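Below: the structure, in structure tokens.
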Amino acid sequence: MTAFGELAESPGSILMIIIGLVILYLGVQKRFEPLLLVPIAFGILLGNFPGGNMSVITAEMAPGIEHLTMMEIAKQYGIMNMLYYTLIKTGLLPPLIFLGVGAMTDFGPMLRNLKLAFFGAAAQLGIFTVMIGAVLIGFPIKEAGALSIIGGADGPTAIYTAIILAPHMLGPIAIAAYSYMALVPIIIPFVVRFSTSEKELKINMKQQDVMFPNKKEIQDLRTAKIIFPVFLGIVISLLVPSSVPLLGMLLFGNLIKEIGSDTNRLIYAATTTIMNTSTIFLGLCIGATMTASTFLNSQTLLIIVGGFLAFCISVLGGIFACKVYNVFSKKKINPLIGATGLSAVPMASRVANEIALKYDRTNHILQYAMSSNISGVIGSAVAAGVLISLLS
């Protein structure tokens, strides 16, 4: 029996299918974060095809579903719900993705320029600013926290926070987070244009290093790279324990990377098998949550707008931190360094470098920008941990 009649009676499902096709187009044709937008888009299609029994049902719609076994969920509500409640609702997949991210991340640029890492912390301003604003316009505090984390520009972090604080908002938050990450080449230049001067953008970082050389340099960088994730993991676990699931896996992934040949098999598993499998199931399950009843409402629009504001304010936070620093320091920092305090690594750094080169062809700031950019990954995970600790 076909589903044409049921589809014709569900205009909301038709609209969601169209939205899924648009997101699929953006992922395939425009290459907007295709590794996750393509699975999300197809998950939207699967979840909205009538009769397929592939849409995710929230705990509010099916009381007691969280207490069923995997087999019982699959039998009563379909395999997509089984995957969602096993892999997503438990918060398993985002930390596994962070494991792979850590194994592909080089903390070297940040360790060589630790002073610049503080601008990654300043770039988290958008998270807390938008959270306060969302509460003021009527969002419950948990929903406001889940919405605001989009300002960290980190997809897995946004998803993990939403799972814990506001699972019913997971789909729109994931779409907004990854869409804005894909739009980093547009958003950063837009904010920079209205917040910096040409003189500031011409600040040459290498010339500043020559004029004001660092007094101390790391002599054994490899050893420092191995010690750093262990040391930071201990500190973070004591100060912000709720951030350990994300940041701990990130640091473990980075540790096995820095150890080198002795852990090659672990590195390969983390960056290929585990990460790719996690990304596929994460995207499909998130897409399947986006049915007409959960997505087509005014709250979704507010999430998209609030996420954009959080993103822009985070960029501004990093830029203005550089401006304030330059007032009190002889050694000047290009505000583009602060603009990369987002967690969108390494795209934000590449964008900042391209902007700097437009004003000075000798001003290669990529390595400097990466210091702030990498610290933004850590900063967003810590911010998420703070929100979860305070609000959950």
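Remember, predicted model here, so these are calculated numbers, not experimental data.
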### Task
Report whether Leu232 and Phe118 are members of the same hydrophobic cluster (ILVMFWY, side-chain heavy atoms less than 4.5 Å apart, transitive linking).
no

### Task
Find the distance between CZ (Arg112) and CE (Met370) and round it off to the nearest 0.5 Å.
10.0 Å

### Query
Tracing side-chain links under 4.5 Å among I, L, V, M, F, W and Y, which residues wind up in one group with Val38?
Leu24, Val28

### Contact list for residues 115-135, test side-chain hydrogen bond (donor to acceptor under 3.5 Å, both in side chains), sequence neighbours left out
Lys115-Tyr325

### Message
I need the single residue from Val130, Val315, Ile313 that forms a side chain to side chain contact (heavy atoms under 4.5 Å, CB included) with Leu125. Which is it?
### Response
Ile313

### Query
What pair of heavy atoms forms the shortest contact from Leu201 to Asn363, and how long is it?
O-ND2, 3.9 Å

### Query
Taking the hydrophobic residues Ile, Leu, Val, Met, Phe, Trp and Tyr, and joining any pair whose side-chain heavy atoms are under 4.5 Å apart, which ones share a cluster with Val210?
none

### Query
Would you call Thr340 and Phe119 a side-chain contact if the rule is heavy atoms closer than 4.5 Å?
no

### Summary
Taken to the nearest 0.5 Å, the spacing of Glu200 CD from Ile333 CD1 works out to 12.5 Å

### Query
Under a 4.5 Å cut-off applied to non-hydrogen side-chain atoms, are Met249 and Leu96 in contact?
yes

### 4.5 Å side-chain heavy-atom contact, Thr105 and Val377
no

### Message
For Phe194, give me all partners under ring pair (Phe, Tyr, Trp, His ring centres under 6.0 Å), at least two apart in sequence or on another chain.
### Response
Phe190

### Query
To the nearest 0.5 Å, what is the distance between CZ (Phe295) and CD1 (Ile303)?
8.5 Å

### Message
So Asn326 and Ile203, do their side chains get closer than 4.5 Å, heavy atoms only?
### Response
yes

### Query
Heavy atoms, side chains only, cut-off 4.5 Å: are Ile17 and Ile44 in contact?
no

### Task
Report yes if some heavy atom in the side chain of Glu66 is under 4.5 Å from a heavy atom in the side chain of Ile73; otherwise report no.
no

## Note on the structure
Value for CD1 (Ile256) from CG (Leu251), rounded to nearest 0.5 Å, stands at 12.0 Å

#### Entry: Side chain proximity check, Ile337 to Asn334, heavy atoms < 4.5 angstrom
yes

### Task
Look at the side-chain heavy atoms of Ile, Leu, Val, Met, Phe, Trp and Tyr, link any pair under 4.5 Å apart, and say whether Ile234 and Val244 land in one connected group.
no

### Query
Does Phe107 have any ring pair (Phe, Tyr, Trp, His ring centres under 6.0 Å) partners at least two apart in sequence or in another chain, and if so, which?
Phe228

#### Entry: Asn53 and Met80, any side-chain heavy atoms less than 4.5 Å apart
no

### Phe281 atom CZ, neighbour heavy-atom count above 12 within 6.0 Å
no

### side-chain hydrogen bond (donor to acceptor under 3.5 Å, both in side chains) involving Lys225 - partner list, sequence neighbours excluded
Asp106

## Note on the structure
The ring pair (Phe, Tyr, Trp, His ring centres under 6.0 Å) partners of Phe308 (sequence neighbours excluded) come to Tyr180

### Query
Looking at residues at least two apart in the chain, or sitting in another chain, which of them share a side-chain hydrogen bond (donor to acceptor under 3.5 Å, both in side chains) with Tyr77?
none

### Query
So how far is it from Ile267 CD1 to Asp262 CG, rounded to the nearest 0.5 Å?
9.5 Å

### Task
Would you kindly confirm whether Val240 and Leu247 end up in one hydrophobic cluster when ILVMFWY residues are joined by side chain heavy atoms under 4.5 Å apart?
yes

### Interatomic spacing from CG in Leu36 to CE in Met181 - rounded to 0.5 Å
9.0 Å

#### Entry: Leu99 reachable from Leu35 in the ILVMFWY side-chain graph, under 4.5 Å edges
no

N/O donor-acceptor pairs under 3.5 Å from side chains in residues 146-163, not counting sequence neighbours:
residue : atom : partner : partner atom : Å
Ser148  : OG   : Ile127  : O            : 3.3
Ser148  : OG   : Ala144  : O            : 3.2
Ser148  : OG   : Gly145  : O            : 2.9
Asp154  : OD1  : Thr157  : N            : 3.2
Asp154  : OD1  : Thr157  : OG1          : 3.2
Asp154  : OD2  : Ser343  : OG           : 2.6
Thr161  : OG1  : Thr157  : O            : 2.8

### Task
Write out all pairs satisfying side-chain hydrogen bond (donor to acceptor under 3.5 Å, both in side chains) with one or both partners inside residues 288-314, taking only residues at least two apart or from two chains.
Glu143-Gln299, Thr291-Ser293, Thr291-Thr294, Asn297-Thr300

### Query
Any donor-acceptor pair under 3.5 Å linking the side chain of Ser278 with the backbone of Ile274?
yes

### Task
Not counting sequence neighbours, list each pair that qualifies as a side-chain hydrogen bond (donor to acceptor under 3.5 Å, both in side chains) and has a residue in residues 368-385.
Asp209-Tyr368, Ser349-Asn373

### Summary
Here the side-chain hydrogen bond (donor to acceptor under 3.5 Å, both in side chains) pairs for residues 231-248, sequence neighbours left out, are none

### Query
Is there a donor-acceptor pair closer than 3.5 Å between any side-chain N or O of Gln208 and the backbone N or O of Lys332?
yes

### Task
Please name the pair of heavy atoms, one in Gln207 and one in Asn204, separated by the smallest distance, quoted to 0.1 Å.
N-OD1, 3.1 Å

